[in-house]
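Small disclaimer: the values here were computed from a predicted structure and weren't measured. Just so it is clear: chains get the letters A, B, ... in the order the sequence lines come, proteins before strands, and each one is counted from 1.
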Number of protein chains: 2
Amino acid sequence: MTRKSPMTLSGEAPHPCGHCAFYQDSVWQPVEQSGVSTLARSFSRRELDEGEVLFEQGAESGGVYCVSRGLIALRSYQSDGKSTLLKLAYPGEIIGFRSFLDDGPHRTEARALVASRVCIVARRDAKRVVRANPSVLARLASRCIAEIDRSHERIIASATLSNKVRLTEILLQLARHHGARLEGYVEMKLPLSRPDLADLIGVQPETLSRLVKRLEREGEFLFSGRRVKIAETVFDEDGGFGPPIAKRA
Amino acid sequence: MTRKSPMTLSGEAPHPCGHCAFYQDSVWQPVEQSGVSTLARSFSRRELDEGEVLFEQGAESGGVYCVSRGLIALRSYQSDGKSTLLKLAYPGEIIGFRSFLDDGPHRTEARALVASRVCIVARRDAKRVVRANPSVLARLASRCIAEIDRSHERIIASATLSNKVRLTEILLQLARHHGARLEGYVEMKLPLSRPDLADLIGVQPETLSRLVKRLEREGEFLFSGRRVKIAETVFDEDGGFGPPIAKRA
DNA sequence: CGAGACTTTGACGGGCATCAACACACGTGG
DNA sequence: CCACGTGTGTTGATGCCCGTCAAAGTCTCG
């Protein structure tokens, strides 16, 4: 295809992730000269429209996917038609590694919730690079650990917290990524539909609607379609994980 | 079954896992001569009484633990005093790898539910062996994947199934490990206290008691303290997850 | 036998699922 | 311009399930 890599004048192939904002933490960062050409050969980008599917549940692994822009939802469909939103992947996160590492089919579907860009290293060469460079495998392993931690947190949260509290926490977390700080409150446009949001906390859409109304009645949230305003007080008192939100007031 | 002998020729140290029933799948199996002596040097076993703690939540990693006999519970304690049973580790399973891989403190407590034996490779030398032998890291990664899969299954189950159904599934799964087949039914002694069992499905002990009564009233379960009888019909019709089951397409 | 821990039962209130009907925005086509 | 269908989100009514508190029952081990 087209090789639109940023050229270094030294004559050697540049690292395909070299210009990426997440380069330092990239799983491919430890790859040195000998591996870079392999990496570059199988490296590609893909632009996804809102709602577009990156890979289907049950499909074979296409390699290692790294979210570069946007937001990808990982969802599991069951035989009875129900589905569960398992994870939201933000830029810098790796997805599809489960299937890549165990050579099995994807167990989740990956779909863009907003227009997104994903960087892909195709399977064959990704395997080759991983074999040649164990520290890449170590980095993949630490992504696995992060995924385990997140899953455990979710299991604990769903066992100990009320749905209302879980909803507030998820909203605050979303606001940290999508929110803009205005005077006195934080505003954001939800990247999720109501059914998806309901899935995320594990309730029916009707119940979600009622939870939303309860939050509004308590005064610190205000909803209007996908727009949400959150009182700054609630937002700041939240312990907070994840990266800080961009300030563009 | 091609079982290659772990025995070595004259003078060489034998592989410490060589005689283990799980040797073929051991994460240390790929270690060859040069690494075996390192491995053997830091290898130890530990016998645990029922209720004894293997490692505490918050403690530094002691290395890689492999369950050899018995049953270990991994439990997370929260600041508010609540706890959640996250995992039951059966013989052949690796525990403590999360802390080992990311060099952080344990996020869970490991406690023996029944008298157990655990094989330990101390951290320093375990790190050394992993560095020298990438395929050990690959095996650890696949244990991570298994843990991710299990966590996802649990998240999905708690989002889609009723507590009664989840309890039945957990009982059937336990019966697959602890049950003895008698005429017309399967009998087992639960390795868990009622509060632990309640934790496992995420309800209060009182609710568990009522669920148990409902199962008994429906006729296919019979409880007496920690003894449980399960009708063979229910036991057999269960598609089930857990070790000895093969997946369909 | 008796004390303490564990387990069950009862009563009560609230949260959630389910089914059904309604409100609303957005598009197309008459 | 309006009628109309569709997809999406909301509201209402009802019944079940679960958490909580309190009390009674049961088991176990000294």
Side-chain angles (χ1 to χ4, degrees), chain A residues 50-51 73 78 80-85 111 113-114 155-171 174 188-218 221-229, chain B residues 49-51 73 78 80-85 111 113-114 155-171 189-218 221-228:
Chain A
E50 176 177 335
Q78 317 232 71
D80 59 8
K82 291 180 181 174
S83 71
T84 308
L85 241 182
R111 185 185 299 264
L113 289 176
V114 301
I155 290 170
I156 292 170
S158 84
T160 56
L161 302 178
S162 73
N163 288 333
K164 197 185 78 173
V165 173
R166 294 230 314 288
L167 176 57
T168 41
E169 290 197 349
I170 286 173
L171 288 172
L174 288 169
M188 69 170 157
K189 177 162 179 292
L190 284 173
L192 295 160
S193 70
R194 293 304 167 107
D196 281 352
L197 195 52
D199 254 12
L200 207 52
I201 63 171
V203 299
Q204 298 305 113
E206 297 95 325
T207 301
L208 176 66
S209 174
R210 290 177 175 112
L211 288 175
V212 161
K213 245 181 65 179
R214 275 169 62 194
L215 288 183
E216 280 191 324
R217 212 177 306 125
E218 289 170 12
F221 288 83
L222 213 156
F223 294 79
S224 160
R226 286 200 176 187
R227 305 224 69 92
V228 190
K229 285 185 182 178
Chain B
D49 290 333
E50 176 178 334
Q78 315 234 75
D80 60 7
K82 292 180 181 175
S83 71
T84 308
L85 242 183
R111 185 185 297 264
L113 290 175
V114 301
I155 290 170
I156 292 170
S158 84
T160 56
L161 302 178
S162 73
N163 288 333
K164 197 184 78 174
V165 173
R166 294 230 313 289
L167 176 57
T168 1
E169 292 198 347
I170 286 172
L171 288 172
K189 176 164 179 292
L190 285 173
L192 295 160
S193 69
R194 291 305 169 105
D196 282 351
L197 195 52
D199 255 12
L200 207 52
I201 63 172
V203 299
Q204 300 304 112
E206 297 96 323
T207 301
L208 176 67
S209 174
R210 291 180 173 109
L211 288 175
V212 161
K213 244 181 67 178
R214 276 169 62 195
L215 287 183
E216 280 191 325
R217 211 177 307 126
E218 289 171 13
F221 289 82
L222 212 157
F223 294 79
S224 160
R226 285 200 175 187
R227 305 224 69 92
V228 190

Legend entry - From A:L167 atom CG to A:L197 atom CG, the distance as rounded to the nearest 0.5 Å: 6.0 Å
Inset, instruction - Could you point out which residue of B:I170, B:V114, B:L85 forms a side chain to side chain contact (heavy atoms under 4.5 Å, CB included) with B:L192? - result: B:L85
Legend entry - Whether B:S209 side chain and B:P205 backbone form a donor-acceptor pair below 3.5 Å: no
Legend entry - Check: B:G225 main-chain N/O paired with B:R194 side-chain donor or acceptor under 3.5 Å: yes
Inset, instruction - Let me know the distance between NZ of B:K82 and P of D:dT20, rounded to the nearest Å. - result: 6 Å
Inset, instruction - Round to the nearest Å and state the distance from A:R217 atom CZ to D:dT11 atom P. - result: 10 Å
Inset, instruction - Quickly work out the A:L211 CG to D:dT10 C1' distance and round it to whole Å. - result: 13 Å
Inset, instruction - Grab the CZ-P distance between A:F223 and D:dT10 for me, whole Å please. - result: 9 Å
Legend entry - Nearest listed nucleotide, side chain of A:R210, among D:dA13, C:dT9, D:dT20: D:dA13
Inset, instruction - Remember a base hit wins even if backbone is also touched, and classify B:K164 as base, sugar-phosphate or nothing at under 4.0 Å, heavy atoms. - result: nothing
Inset, instruction - Report yes or no: is there a donor-acceptor pair, N or O only, under 3.5 Å between the side chain of A:E206 and the base of C:dC19? - result: yes
Legend entry - B:R227 backbone acceptor or donor facing B:S224 side chain under 3.5 Å: no
Inset, instruction - Could you check which of D:dG9, D:dT20, C:dT18 has an atom nearest any side-chain atom of A:S193? - result: D:dG9
Legend entry - Selected nucleotide, minimal atom distance to A:R214 side chain, candidates D:dT11, D:dC18, C:dG15: C:dG15
Inset, instruction - Respond yes when some side-chain nitrogen or oxygen of B:K213 is under 4.0 Å from OP1 or OP2 of C:dT9, and no when none is. - result: yes
Legend entry - Protein-nucleotide distance (B:L215, atom CG; D:dC17, atom C1'), rounded to Å: 14 Å
Inset, instruction - Examine the base of D:dG7 for any acceptor or donor lying under 3.5 Å from a partner atom in the side chain of A:R194, and report the outcome as yes or no. - result: no
Inset, instruction - Answer with base, sugar-phosphate or nothing: what part of the nucleic acid does B:P195 contact at a heavy-atom distance below 4.0 Å? - result: sugar-phosphate
Inset, instruction - Grab the CG-P distance between A:L208 and D:dT8 for me, whole Å please. - result: 15 Å
Legend entry - N/O donor-acceptor pair, side chain A:R226 with base D:dG9, under 3.5 angstrom: no
Legend entry - Nearest-Å distance for atom pair CG/C1', residues B:L161 and D:dC18: 17 Å
Legend entry - Contact nearer the 5' end of DNA chain C, comparing B:S209 with A:N163: B:S209
Legend entry - Atom pair distance, as rounded to whole Å: CG in B:L190 and P in D:dC27: 16 Å
